[in-house]
Participant: 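Once you've had a glance at the structure underneath, I'll fire off some questions.
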Amino acid sequence: MSEELNELIRVRREKLEAFRQAGMDPFPYKFDKTACAFDLLEKYGDLKEGEESAETVAVAGRVMTKRGHGKASFAHIQDESGKIQIYGKQDILGENAYKLYQKLDMGDIIGVEGKVFKTKTNEVTVKVEKFTLLCKSLHPLPEKWHGLQDKELRYRERYVDLIVNPDVKEVFKKRSQIVSMIRRFLEDRGFIEVETPILNVMQGGAAATPFESYHDALDMPLFMRIAPELYLKRLIVGGFEKVFELGRVFRNEGISYKHNPEYTILEIYQAYTDLYGVMKLTEEMVAAAVKAVHGKLKITFKGEEIDFTTPWQRIPLVEALKKFGGVDIAGKSEDEIRKTAKSKGIEGYEEIGIGKVINVLYDKLVEGHLRQPTFIVDYPIETSPLAKKNRDNPRLVERFEMIVAGMEIANAFSELNDPIDQRERFEKQAELKAAGDQEAESMDEDFLRALEYGLPPTGGVGFGVDRLVMLLTDQPSIRDVLFFPHMRPIKPLE
RNA sequence: GACCGGCUAGCUCAGGUGGUAGAGCAUCUGCCUUUUAAGCAGAGGGUCCUGGGUUCGAGUCCCAGGCCGGUCACCA
């Protein structure tokens, strides 16, 4: 690489040497800051022109702009809190130090000490009495007013995106606030946060294809978890009554604006309640998060108004199919439903159970139409092997999916706690698996044993945290709420 | 996986019908002690994504491939 250094990088390396020659370490060990940009702007906003702070401040940050004027020059430095202008001149620094000061590049990280004053144009500015190079930057930053636009580069080199596009940092700060707010919400209600295994011996807890890995010492395959569900229910068996886990799950599926192969799930389990208990909890928690971020319950997402005022509408799956898909399957036979599916252009599901056909109908015809927060309820039993039968109709289960802006945000059940029923469901899944369904649940004998000891009536709900953050920060793609979304390597791996 | 679009200097982008590759910012040199897209004068900087093909000649046309984005498909 060293032979191919382009001019910009070569020049920066030469400057690095120049700093060394002058006795200034280009990569020193520490700097004692006394202030940050934002605080100084606040504190000295009322300073009069010509007035100067009594104190000498020490700030540090990255050089973002430079405006040289011969024997004096302005620059802005940026720290985590924002930007502040600095003003260095030869009279104060002396000829030698000022020469070095002029050599600073955009992107260099420096520490600056001096009094604070206000310029003619009324800008709070640090008058540099001493500056220290804290880190020489060897790679040029993107251009100062277009910034970094190329989406691919923004995702691949997120560190640059964060330096030059301040809005990006705001999105991730909000993400952090949302997660922290959720923790507080749940802890305030007596839930405890737990951690369960990510490396699993078998797949379970959701319908998804797992990533497979291998444990050398044990000489056995291991799967990256697709959901923590079955472990969390074991904890309820063990006597915890309110638990949640906030963590990463991994699904070996396609990538889209709402899918990343690894994403953050929030699963909550509460003993002695049912689907309707967690439905209420879901409404309260999401509404609280929306309010915390926006101060109100009506927000804009991709130019569309979304109103989180509770209660949200509840629509049985069959009704939703009729209303949004123009498909009436009430009282229809399997053959009739399959025919209907075919007439809607849904093919290739002849071998698959009727429940799945209905699910596909729903995904194709309904989900995209659900814009306002909606609970879809009463799912067919075949596709929900971990949910309790509907108390009024044994062909359905007690389950909801919460949909906003056409995206599934949450999925919840009255948890199935009858071990005999659960065994039968697993057996049906095993048949599907044998028939080639990679997403079918595995027979989990240990989980069944746990249920035999006794799982109290329990309501459980899982959230797609990334999608919730998308909604609350008005970001169009899941990639925009992940620091490092999955990208293909530029060169194919050997 | 299918279709559409993009890929040109460090960054943001221009480059009819094929004829030695351009601008702004950034960089370098000189001038400049309150500027903020600082200014003025000059200079350097390119695997035009990759590989083939057509052609006297390809950034441009054709074929294949790569990566990204979008739409669809897949996907609780």
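The chains referred to below are lettered A, B, ... by the order of the sequence lines, with proteins before strands, and numbering in each begins at 1.
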Participant: Answer with base, sugar-phosphate or nothing: what part of the nucleic acid does H139(A) contact at a heavy-atom distance below 4.0 Å?
Facilitator: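 Counting heavy atoms under 4.0 Å across all strands, no contact is made by H139(A).
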Participant: Take atom P in rC75(B) and the same atom in rC62(B), then report the distance between them in whole Å.
Facilitator: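 Approximately 36 Å lies between the P atom of rC75(B) and that of rC62(B).
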Participant: Measure from CD1 on I9(A) to C1' on rG46(B) and round the result to the nearest Å.
Facilitator: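 Between C1' of rG46(B) and CD1 of I9(A): 15 Å.
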Participant: Sequence neighbours excluded, which residues qualify as side chain to side chain contact (heavy atoms under 4.5 Å, CB included) partners of D79(A)?
Facilitator: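 Scan of D79(A) (side chain to side chain contact (heavy atoms under 4.5 Å, CB included), adjacent residues dropped) gives K33(A), C36(A), A37(A), S81(A).
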Participant: For the pair E367(A) and K258(A), find out whether any cationic side-chain nitrogen is under 4.0 Å from an anionic carboxylate oxygen.
Facilitator: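 Yes, E367(A) and K258(A) are salt-bridged.
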Participant: Would you indicate what G68(A) reaches in the nucleic acid, counting non-hydrogen atoms under 4.0 angstrom: base, sugar-phosphate, or nothing?
Facilitator: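 Base contact - G68(A) has a heavy atom under 4.0 Å of at least one base atom.
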Participant: Using a 4.0 Å heavy-atom cut-off, does T65(A) contact any base of the nucleic acid, only the sugar-phosphate backbone, or nothing at all?
Facilitator: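 The residue T65(A) makes no contact with any strand.
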Participant: Quickly work out the Y155(A) OH to rG70(B) C1' distance and round it to whole Å.
Facilitator: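 Roughly 12 Å, once rounded to whole Å.
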Participant: Evaluate the ring-ring contact (aromatic ring centres under 6.0 Å, His included) criterion for residues F131(A) and Y101(A): first the C-alpha distance (whole Å), next the side-chain angles of each, then the deciding distance (0.1 Å), finally the verdict.
Facilitator: CA-CA 8 Å; F131(A) 81 97; Y101(A) 178 81; 5.4 Å; yes
Participant: Roughly how many Å apart are rG59(B) and rA14(B), using the C1' atom of each and rounding to a whole number?
Facilitator: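 Those two atoms are separated by 12 Å.
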Participant: Calculate the interatomic distance between R488(A) atom CZ and rC49(B) atom C1'; express it in whole Å.
Facilitator: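 So the two atoms are 16 Å apart, to the nearest Å.
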Participant: Output all residues satisfying side chain to side chain donor-acceptor pair (under 3.5 Å) with S414(A), sequence neighbours left out; order by chain, then residue number.
Facilitator: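 Listed in chain order: E398(A).
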Participant: Summarise how protein sits on nucleotides 23-31 of chain B as a single string, 5' to 3': B when a protein heavy atom is under 4.0 Å from the base, S for sugar-phosphate-only contact, - for no contact.
Facilitator: -BBSBS---
Participant: Distance alone, cut at 3.5 Å: any donor-acceptor contact between the side chains of K433(A) and S442(A)?
Facilitator: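 Yes, S442(A) and K433(A) have a side-chain donor paired with an acceptor closer than 3.5 Å.
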Participant: Mind calculating the distance between NZ (K83(A)) and C1' (rA37(B)) to the nearest angstrom?
Facilitator: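 Distance, rounded to whole Å: 12 Å.
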Participant: Wobble G-U and Watson-Crick pairs count when both distances are under 3.5 Å; given that, what is the 5' to 3' dot-bracket string of RNA chain B, with | for pairing to other strands?
Facilitator: (((((((..((((.....[..)))).(((((.......))))).....(((((..]....))))))))))))....
Participant: Pairing donors with acceptors under 3.5 angstrom, does anything connect the side chains of E123(A) and H76(A)?
Facilitator: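 Yes, side-chain donor-acceptor contact under 3.5 Å.
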Participant: Between rA2(B) and rG10(B), how far apart are the P atoms? Round to whole Å, please.
Facilitator: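 Straight-line distance between the two P atoms is 33 Å.
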Participant: What's D150(A) touching, base or sugar-phosphate or nothing? Going by heavy atoms closer than 4.0 Å.
Facilitator: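 Result for D150(A) = sugar-phosphate.
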Participant: If we take the P atom in both rC25(B) and rC40(B), what is their distance in whole Å?
Facilitator: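 rC25(B) and rC40(B) have their P atoms separated by 9 Å.
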Participant: Look at all strands and tell whether F413(A) reaches a base, only sugar-phosphate, or nothing, counting heavy atoms closer than 4.0 Å.
Facilitator: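 The residue F413(A) makes base contact.
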Participant: For a quick check of understanding: with a heavy-atom distance under 4.0 Å over all strands, which category does R479(A) fall into, base, sugar-phosphate or nothing?
Facilitator: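 Sugar-phosphate contact only - R479(A) comes under 4.0 Å of backbone atoms but never of a base.
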Participant: Identify, between E123(A) and L153(A), the residue whose nearest nucleotide on RNA chain B lies closer to the 5' end.
Facilitator: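 Per heavy-atom nearest nucleotide, the more 5' residue is L153(A).
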Participant: I'd like the C1' distance from rA26(B) over to rA38(B), given in whole Å.
Facilitator: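 Each nucleotide's C1' atom is 15 Å from the other's.
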Participant: Any donor-acceptor pair under 3.5 Å linking the side-chain atoms of Q313(A) with those of T374(A)?
Facilitator: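 Judged by distance alone, the side chains do pair up.
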Participant: Is E401(A) salt-bridged to R399(A), going by a charged N under 4.0 Å from an acidic O?
Facilitator: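 Counted as a salt bridge, because a side-chain N and a carboxylate O are separated by less than 4.0 Å.
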Participant: Can you tell me how far C1' of rU35(B) sits from CD of Q102(A), to the nearest Å?
Facilitator: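 One finds 14 Å between C1' of rU35(B) and CD of Q102(A), rounded.
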Participant: Look at all strands and tell whether Y87(A) reaches a base, only sugar-phosphate, or nothing, counting heavy atoms closer than 4.0 Å.
Facilitator: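 If one applies the 4.0 Å heavy-atom cut-off, Y87(A) turns out to touch a base.
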Participant: Mind jotting down which residue pairs meet the salt bridge (Lys or Arg N to Asp or Glu O under 4.0 Å) criterion with at least one end in residues 458-486 of chain A? Sequence neighbours excluded, please.
Facilitator: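 Listed by first then second residue: R175(A)-D466(A).
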Participant: Starting from the 5' end of RNA chain B, give me the residue, F74(A) or G147(A), whose nearest nucleotide shows up first.
Facilitator: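 Its nucleotide being nearer the 5' end, the pick is G147(A).
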Participant: Suppose you measure atom P in rG22(B) against the same atom in rC28(B); what distance do you get, rounded to whole Å?
Facilitator: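 Straight-line distance between the two P atoms is 24 Å.
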Participant: Give me the distance, rounded to whole Å, that separates rC48(B) from rA58(B) when you measure between the C1' atoms they each carry.
Facilitator: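 Looking at atom C1' only, rC48(B) and rA58(B) are 11 Å apart.
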Participant: From CZ of R67(A) over to C1' of rC40(B), roughly how many Å is that when rounded to an integer?
Facilitator: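 Answer to the nearest Å: 18 Å.
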Participant: What donor-acceptor contacts under 3.5 angstrom involve side-chain atoms of residues 83-93 of chain A, with partners at least two apart or in another chain?
Facilitator:
residue : atom : partner : partner atom : Å
Q85(A)  : OE1  : R67(A)  : NH2          : 2.7
Q85(A)  : NE2  : T125(A) : OG1          : 3.0

Participant: Could you tell me whether F117(A) contacts a base, only the sugar-phosphate backbone, or nothing, with contacts defined as non-hydrogen atoms closer than 4.0 Å?
Facilitator: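 Result for F117(A) = base.
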Participant: Please state how far atom CD1 in I163(A) lies from atom C1' in rG10(B), giving the value in whole angstrom units.
Facilitator: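 Spelled out: CD1 on I163(A) to C1' on rG10(B) is 14 Å.
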Participant: May I ask you to evaluate whether K89(A) reaches the phosphate of rU35(B), defined as a side-chain N or O under 4.0 Å from OP1 or OP2?
Facilitator: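 Answer is no, no contact under 4.0 Å.
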Participant: On a whole-Å scale, what distance lies between the P atoms belonging to rU17(B) and rU12(B)?
Facilitator: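 After rounding to an integer number of Å, I get 26 Å for this pair.
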Participant: Mind checking Q149(A) for me? I need base, sugar-phosphate or nothing, with any heavy atom below 4.0 Å counting as a touch.
Facilitator: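 Q149(A): backbone/sugar contact only, no base atoms under 4.0 Å.
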Participant: What is the nucleic acid contact for Q90(A), judged by heavy atoms within less than 4.0 Å: base, sugar-phosphate only, or nothing?
Facilitator: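 If one applies the 4.0 Å heavy-atom cut-off, Q90(A) turns out to touch nothing in the nucleic acid.
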Participant: Do the side chains of R13(A) and E17(A) get close enough for a salt bridge, i.e. N-O under 4.0 angstrom?
Facilitator: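 Not counted as a salt bridge, because no side-chain N and carboxylate O are separated by less than 4.0 Å.
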Participant: Syn or anti for rG52(B), taking syn as within 90° of 0?
Facilitator: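 rG52(B): anti glycosidic orientation.
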Participant: Distance check needed: rU33(B) C1' versus Y98(A) OH, whole Å only.
Facilitator: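 Whole-Å distance recorded here is 7 Å.
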Participant: Could you check whether the side chain of Q85(A) and the base of rU35(B) have a donor-acceptor pair of N or O atoms closer than 3.5 Å, going by distance alone?
Facilitator: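 Looking at the base of rU35(B), it does pair with a donor or acceptor on the side chain of Q85(A) (distance under 3.5 Å).
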Participant: Between E52(A) and L47(A) (side chain of the first, backbone of the second, donor and acceptor by atom type, cut-off under 3.5 Å), is there such a pair?
Facilitator: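 Judged by distance alone, no pair lies under 3.5 Å.
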